[in-house]
Structure formats: C-alpha cells, structure tokens
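Along the sequence shown, the residues carry numbers beginning at 1. Both counts, for ligands and for their atoms, begin at 1 and track the order of listing. No experiment lies behind these values; they were computed from the predicted model shown.
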Amino acid sequence: MAQLWGGRFTKETDELVKKFNDSLPFDRRLYEQDIRGSAAHAAMLGKQGILSEEETEKIIEGLGSIKADLESGTLQFSDGYEDIHSFVEANLIERIGEAGKKLHTGRSRNDQVAVDMKLYVRDQIRETDDLLKHFLTTILTVMEENLDTYMPGFTHLQKAQPVTLAHHFGAYFEMFRRDRERMASILARCDTCPLGSGALAGTTYPLDRDFTAKELGFIRPSRNSMDGVSDRDYLIEFLGALSICQMHLSRFAEEMILWNSNEYRFVELDDAFSTGSSIMPQKKNPDIAELVRGKTGRVYGALTALLTTMKGIPLAYNKDMQEDKELSFDAIDTVKSCLRLFDGCVASMRFRKDVMAASARNGFTNATDAADYLVGKGVPFRDAHGIVGALVLHCIDAGCALDDLSLEEFRSFSDRFEEDIFDAISLKTCVEKRLTKGAPGRKAMEAEVKEARAYLDEQSFRP
Ligand code: ARG
C-alpha cells in the first residue's frame, strides 16, 4: 500500500492524475532530511510519553536502516509511492510493523515537507558557502601573484586608467565575499522549525516543539503554525542570493571570454577547460565560461517562477507549493556546478602579463595622469584636461602614445611640461601613485590582499 490515504475514497486514482500529482521522482532527494526530521519527531513523541520507549526505539532504528539501505543501494526508490514521505513511512511499516504506523502521530505532511525543505536549504547554503570560499581562495591566489601585473582598466569597454590584475580580480573577490555574507544572513533567518505545526492548526497532542527544533539544529519552533506550513520565504531568499551569485559568475565569465578572445589575448584558457570546433581546426572555444553565462537564465527563472507561484496562494498549505522543488533543485545544482567549474577555469588559466601591460601602454590610460601632472605645475584642472585632450588627438593622428612624444612636442602644447613628464606618465608611476584605500597601487593593494587572506583564514565565519 503505497498511499497514505484512501479510507474516504471509493475509486482508484486515475493513472494520469497519479502521475501529475506524485512528487517522488524529484523529492526523493530529500530522503536524508525526511528521515532526520522523522527521527526527531519520534524521539519527541517518546519523550512525551505519546509513544512507548520500545516503539520509539523501533522507529528510530527502522528509519536508520532505511537510510543505510538507500545509501548502500540495497533499497531503491520505486514507482508507485506518492512522495518521499509516503515512501519512507510505507517502508518503515514494512520493516517494523505496527509501531511504524504510529510515526505520523501529531504530524502532517504539510509540516513534514516544510521541515524537510528547510533542512535541505540549510544544508545547501552551507555547501554553497564552501564552494564560494574555495573560489575566493582561487581569486585571492591570483591577486597575490599579480600585484605588479599592469593592465588597462575599462569604462564603457574603453581603456580608461591603468590598474593591476590583482586590483581587477579584487573587485570579484568583493562580489563573492558579499555572496557569502548574503548566504550567512539567510541561514541566520532560516532558524525556526515548522515541525509541530501539523496540517495548519497545530495538534492536540502535547508535543514538545522546542525539543524537535533543537534536535534538528534550529534555534526555536516557528511562532505561528499557519505560517509554519506555508512559508517559503527562506527558499525565495536563497534563490535570490543564488541569482545574485550567478549574476556575478556570469559577469566574470563574460570578461574571461573577452580576455580569451583573439582581440584581447589577456588570458589563455587551459586545454582542459576549453573545447574545439568540429569544422575549424584552429578553434579553442571558451564553452565552459559561455555555459556559466548562459545558465544564468534558468537560475533567474527559478526565482521568478517561485515568486509567481507563491503570490496568489491563500493560507495555509496548498499543493501549488510542491512546485517549489524541481525549480529550486535545478537552480541550486546549476549554481553549485558553475561555481565548481568556473573556479577550475580561473585556477588553470594563463595570464599574459606582457599583453596586458602593452595594452595598458597603448590606450592613453595615462592621459589623466598627464593632466594631473600639469595641475601639479599650477595649471587649473579644466585647462589641463583641454591641453592633454589636444595632445591625445595629436598622438592619434601620429599613431603614437603620449610616452613616445619628445619634450619639444609636449612643450608645443604647454610650456609647463618638463623632463619629469616622462616619469610622471610611465605605467609604473600611474599605478603606483594610486594609493587611496581600495586603489590599485601596490601599497594599497598589499593591505587589501592581507585583509582578504585573514578573512579567508577566519574559520568562524562559516555560517
Ligand atoms: N509533496 C508535497 C509537497 O511537496 C508534500 C506535502 C503534501 N501535503 C498534502 N497535504 N498533500 O508539497
């Protein structure tokens, strides 16, 4: 008997209805959380004298054997069960008989699925955080090795001012650091246990909800039983945080695709993280980065879908909520695999420092510094801006860089230029003089990198 209900029915369920309604094909992945939740519930029923000691023991042992058998492959998920809850309960009854039929005392599948999903999300937040931390370590390693790797910084995708590779990657470090912080704050809010909410209105049994909450690692039971069974905010928040994280991954992936292009050549992706073309023998394509960028759509899709599903649901539980699973499982799997894959992609890519430096030299990225030089010689900034603008135009016509001009040429635009202009606009000076907090100059970056390393070494941060 795979179904948990049937007493008030006189007909078998239509086959198509069954298929449409069943969730075991996807909620089976909650088996561990379902068993954990059931064991805590049984322990509490025993403690409260609702079940005998012997019954409690039998149930907890039986649940443990189901978990072990599922994990060893001795027991397999088979069709015919409505959901993971039915599957576990039916199996328990098969194993231990009468006592198994008492597990569901004072409980509904509504609070059961609510606690299963919450436990699952809590586990997944931790796993995502581990991947984020690993990725941050990869980014920081590149930063530490490239404090002197000069490259152009861009605005509007036009060369703007020189920065370093460490500085550029440092921006991503901050994005993924915030992603970790977001995960931690969601976990902190995801701390109330819905178990004991019953179908919607609690139960008449003397349950100890504080006990099950603590047993399952929550801070306290949920305050309102109707909210307990129908709240999916924590999942929406998690999908929101995953969407932001995936957006960061997508931006990063997009940049690495550009940098790996024949035009930029700033990086070369490792062979192990690239793919070829079936027709063009010369091709080495950044498919992994493109997939990371491309998969962003389905992650945002999950967030939008769940927000939309939830927006019209009257209190309390409605079957609509079963739709929270497939889409969030897909989004969670997607972000986790993108984090893993893109981490490997970044860790193995080769940085062409010479190409980056040459590019920084050839794009007038030192024009601001030339204007600042004139300001230092007493020229008002607005006038200096005009003078250097005219110089740049001259260089574009002549096909050279500012650094290639002679002092005479400089002086034909302003007699404030002196021999020290060449040092003032050298790539090294332009970067190293940028020492405001958060700027790319080595001294400023050293402090940033040191703080970042200490942050990653801080074990207690893990939510
Ligand atoms: N499979 C259901 C879900 O995911 C479990 C809860 C079912 N509750 C019910 N009253 N039908 O939401």
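Considering every non-hydrogen atom in both Ser197 and Gly228, the closest pair reads OG-CA, 3.8 Å. Residues Ser230 and Tyr317 come closest through the heavy atom pair CB-N, 4.3 Å.
Two rings, from Phe87 and Tyr31, have their centers 6.0 Å or more apart. For an aromatic pair to be called close, the ring centres must be under 6.0 Å apart, and Phe351 with Phe266 fails this.
Under a 4.0 angstrom heavy-atom cut-off, Glu82 registers as lying outside contact with ligand 1.
Listed by number with element, the atoms of ligand 1 under 4.0 Å from a non-hydrogen atom of His85 are 5 (C). Which parts of ligand 1 touch Gln322 is read off a 4.0 Å heavy-atom cut-off, strictly below it: atoms 1 (N), 2 (C), 3 (C), 4 (O), 12 (O). Those atoms of ligand 1 that come under 4.0 Å of a heavy atom in Lys325, given as number and element, are 3 (C), 4 (O), 12 (O).
For atom 11 (N) of ligand 1, the closest heavy atom belonging to the protein is Arg109 NH2, 3.8 Å. Nearest non-hydrogen protein atom to atom 7 (C) of ligand 1 is Tyr317 OH, 3.6 Å.
For Arg293 and Phe252, the positive end is not near the middle of the six-membered ring at less than 6.0 Å and at most 45° from its axis.
Judged purely by distance below 3.5 Å, without hydrogens or angles, the side chains of His248 and Arg251 never pair a donor atom with an acceptor atom.
Between atom 10 (N) of ligand 1 and the options Asn318, Leu4, Asn110, Asp27, the minimum heavy-atom separation is to Asn110.
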